[in-house]
Protein chains: 2
Amino acid sequence: MQQRSEETQAQIIKSAIKLFATNGYTAASVDMICKDAGISKGAFYHHFESKQALFLALLDVWLVTIDKSIEASRENTVPETFLLITDAFPYIFKTANEGLPMFLEFWLQASRDEKIWQASITPYRRYHKYFTALIKKGVEEGSFVEVDPEVASRLIVSTAMGLLLQSLLDPKGAKWEQVARESATMLVNSLLKK
Amino acid sequence: MQQRSEETQAQIIKSAIKLFATNGYTAASVDMICKDAGISKGAFYHHFESKQALFLALLDVWLVTIDKSIEASRENTVPETFLLITDAFPYIFKTANEGLPMFLEFWLQASRDEKIWQASITPYRRYHKYFTALIKKGVEEGSFVEVDPEVASRLIVSTAMGLLLQSLLDPKGAKWEQVARESATMLVNSLLKK
DNA sequence: TAAAACAAACCGGCCAGTCGGTTTTATTTT
DNA sequence: AAAATAAAACCGACTGGCCGGTTTGTTTTA
């Protein structure tokens, strides 16, 4: 009464991530997801109230993943944290092709759907605050030059997002991993006190 | 035999931009576009072969606009060009809310549709080359420090895109115009030779 | 054996695209 | 200048198919 249920739910989520990313939220139909997951519509609507509810659940999965990786780097000093992020680039770019279209999908839906927007914007602002605090700490520690932490945070997040998006659009257009690493170096160099 | 035809076509494009941006490519139906444009479906399919063909035509309009603004800044020196772009920020952010969702839509469709991808990637690579050449010139002129123009170009484009996207998601979350200006200053400062 | 989990047929509505017919416009003929 | 013709522009009802969601009935599991 539990095991099978959990497996089914996990399978639905797995298929949904795949199909939303491939076809987009609108184009990926519930029928498609059911077929891919190897279950019936009855099972689907037993686990999720609606297509939108499934989408929101996916957002939750995504956010939990991010929270975990942030939690994992809490113990380090500020420059160490940035170094850790840089080191994670190969992994990030390897998984970007799967996760990123889904992320873009969240974005687009959020800009149109009030409910999804609310669910997206709260954690987004939380991450921004965390990053801002991190940079502020770095400035106070004396390892960073005197920058506006607010602005620097937006700048870094923007760059990361932009690089990922460009790599999504044109995966073979550049050695993205290397570009990202060098970009990060340039950015950090302009932040670090010499 | 011409005037009315042109007006109709222009009206279709105008409505399409509006509705694709608001509702997305899939959700914006041909019926909706026809109704908004005040024409019939027959007229629509007289002017455009398919929904996708209309989308491609929209992409063309967008690209022509970009080409024009690039052409307009051809005469200047490299630092001047960057300054010009910075000066354009208020205008860019003002128009971003209309144009940006449409841009995102292009992106998403391009990552899924081979034909649309082909139509997007060619001009994209052209812009990248232009920007790279610009920075290279700046380095050779001696106004920029010795950076890899390829990387710097990606970095700048990434930042611009990331900022615009963030402003799209959370328009009231920050003073984006100011953030963009300060980010640009930070970036250019790390590029300019002192 | 009762509740949870699932299957499958089913529904109203909307979708992109078609098609036969009508109106508008430009050109040619008278 | 008017009439005739041809072609482009347009209309809107219609189609087949798919969509999200419901319902009804069956299997699985605690």
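Naming convention: chains lettered A, B, ... in sequence-line order (proteins, then strands); numbering from 1 in each chain. Because only heavy atoms are used, hydrogens play no part in the values below, and waters and symmetry mates are left out as well, while side chains stay in.
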Spacing of [X] atom [atom1] relative to [N] atom [atom2], expressed in whole Å:
X	N	atom1	atom2	answer
Lys35(B)	dG12(D)	NZ	P	13 Å
Met32(A)	dC19(D)	CE	C1'	12 Å
Tyr45(B)	dA13(D)	OH	C1'	15 Å
Asp31(A)	dC19(D)	CG	P	6 Å
Glu49(B)	dT18(C)	CD	C1'	14 Å
Glu6(B)	dT24(C)	CD	C1'	16 Å
Phe44(B)	dC19(C)	CZ	P	17 Å
Glu7(B)	dT24(C)	CD	C1'	14 Å

Next on the checklist: Please determine whether a side-chain nitrogen or oxygen atom of His47(A) lies at a distance below 4.0 Å from atom OP1 or OP2 of dC6(C).
Outcome noted: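 Answer yes for this pair, as a side-chain N or O of His47(A) is under 4.0 Å from OP1 or OP2.
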Next on the checklist: Please determine whether a side-chain nitrogen or oxygen atom of Thr8(A) lies at a distance below 4.0 Å from atom OP1 or OP2 of dC6(C).
Outcome noted: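 Answer yes for this pair, as a side-chain N or O of Thr8(A) is under 4.0 Å from OP1 or OP2.
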Next on the checklist: Please give me every residue in residues 14-28 of chain B whose heavy atoms get under 4.0 Å of an atom in DNA chain D, ordered by residue number.
Outcome noted: none
Checklist outcome for this item: Against the side chain of Ser5(B), the closest entry in dG21(D), dG17(C), dA9(D) is dA9(D)
Checklist entry - Taking N and O atoms by type only, does the side chain of Lys41(B) place a donor or acceptor under 3.5 Å from a partner on the base of dA16(C)? => result yes
Next on the checklist: Would the base of dG17(C) count as contacting Lys51(B) through its side chain, where contact means a donor and an acceptor less than 3.5 Å apart?
Outcome noted: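 Side chain to base: no pair present.
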Checklist entry - So, Glu114(A) and Gln118(A): side-chain donor and acceptor under 3.5 Å apart, yes or no? => result yes
Checklist entry - Can you name the one residue among Phe20(A), Phe106(A), Trp107(A) that meets ring pair (Phe, Tyr, Trp, His ring centres under 6.0 Å) with Tyr25(A)? => result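 When ring pair (Phe, Tyr, Trp, His ring centres under 6.0 Å) is applied between Tyr25(A) and each of Phe20(A), Phe106(A), Trp107(A), only Phe20(A) qualifies.
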So, does [X] use its side chain to make a donor-acceptor pair with the main chain of [Y] at under 3.5 Å?
X	Y	value
Arg112(B)	Trp117(B)	no
Trp176(A)	Asp170(A)	yes
Thr132(A)	Glu150(A)	no
Ser69(B)	Ile66(B)	yes

Item to check | Residue pair His128(B) / Val157(B), side-chain heavy-atom distance below 4.5 Å | outcome: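 A side-chain contact under 4.5 Å is absent here.
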Checklist outcome for this item: By nearest-nucleotide position on DNA chain D, the 5'-leaning member of Ser29(A) and His46(B) is His46(B)
